[in-house]
> 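The following block contains the structure, expressed as structure tokens.
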Amino acid sequence: MSGGAGHLERVLLYGSWASHGSPFARRKSKANGIPPAFQHLHARAIDAEAAAQALREDNGRLRERVAVYAQVIHELRTELDRRTDNNTQRSPVRSLPTSIT
């Protein structure tokens with residue numbers, strides 16, 4: 001054996017380490033080749049996309065409601081204006097009191 005005691009210490013120190021690979025390689029192999037940090041970011045991206053889709057759907061429903069409310073307000077305003085115009089056309093001038101003292 002060449003290297004003496006120093007070589008033996010290195011083998012004992014790093015031998016078991018080499019058989020299992022580096023901590024990064026172990027974590028990577030446990031995660032199907034994808035490091036956990038990337039898996040975490042990917043999961044967050046999927047969650048964000050789902051939340052964005054839910055907000056788009058809510059936005060669509062709210063837009064429909066606003067359009068319905070705007071139409072109702074327009075129709076009510078038109079009806080009120082029509083009634084106001086009809087009332088003023090019937091009696092544009094008010095009569096004066098008959099007796100002035």
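Numbers for residues simply follow the sequence, beginning at 1. Keep in mind it's a predicted model, so treat the numbers as computed, not measured.
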> Applying side chain to side chain contact (heavy atoms under 4.5 Å, CB included), run through Phe38 and His42 and close with a yes or a no.
CA-CA 6 Å; Phe38 290 115; His42 183 67; over 6 Å; no
> So which pairs with a foot in residues 39-56 pass salt bridge (Lys or Arg N to Asp or Glu O under 4.0 Å), sequence neighbours left out?
none
> Suppose we screen for side chain to side chain donor-acceptor pair (under 3.5 Å). Which residues come up paired with Arg61, at least two apart in sequence or across chains?
Asp58
> Which distance, rounded to the nearest 0.5 Å, do you find between the CG of Leu55 and the CG of Leu62?
10.0 Å
> Between side-chain atoms of residues 72-81 and protein atoms elsewhere (two or more places apart, or another chain), which donor-acceptor pairs fall under 3.5 Å?
| from | atom 1 | to | atom 2 | distance (Å) |
| --- | --- | --- | --- | --- |
| Glu75 | OE2 | Gln71 | NE2 | 2.8 |
| Arg77 | NE | Asp81 | OD1 | 3.2 |
| Arg77 | NH2 | Asp81 | OD1 | 2.8 |
| Thr78 | OG1 | His74 | O | 2.8 |
| Glu79 | OE1 | Arg82 | NE | 3.3 |
| Glu79 | OE1 | Arg82 | NH2 | 3.2 |
| Glu79 | OE2 | Arg82 | NH2 | 2.3 |
| Glu79 | OE2 | Arg83 | NE | 3.0 |

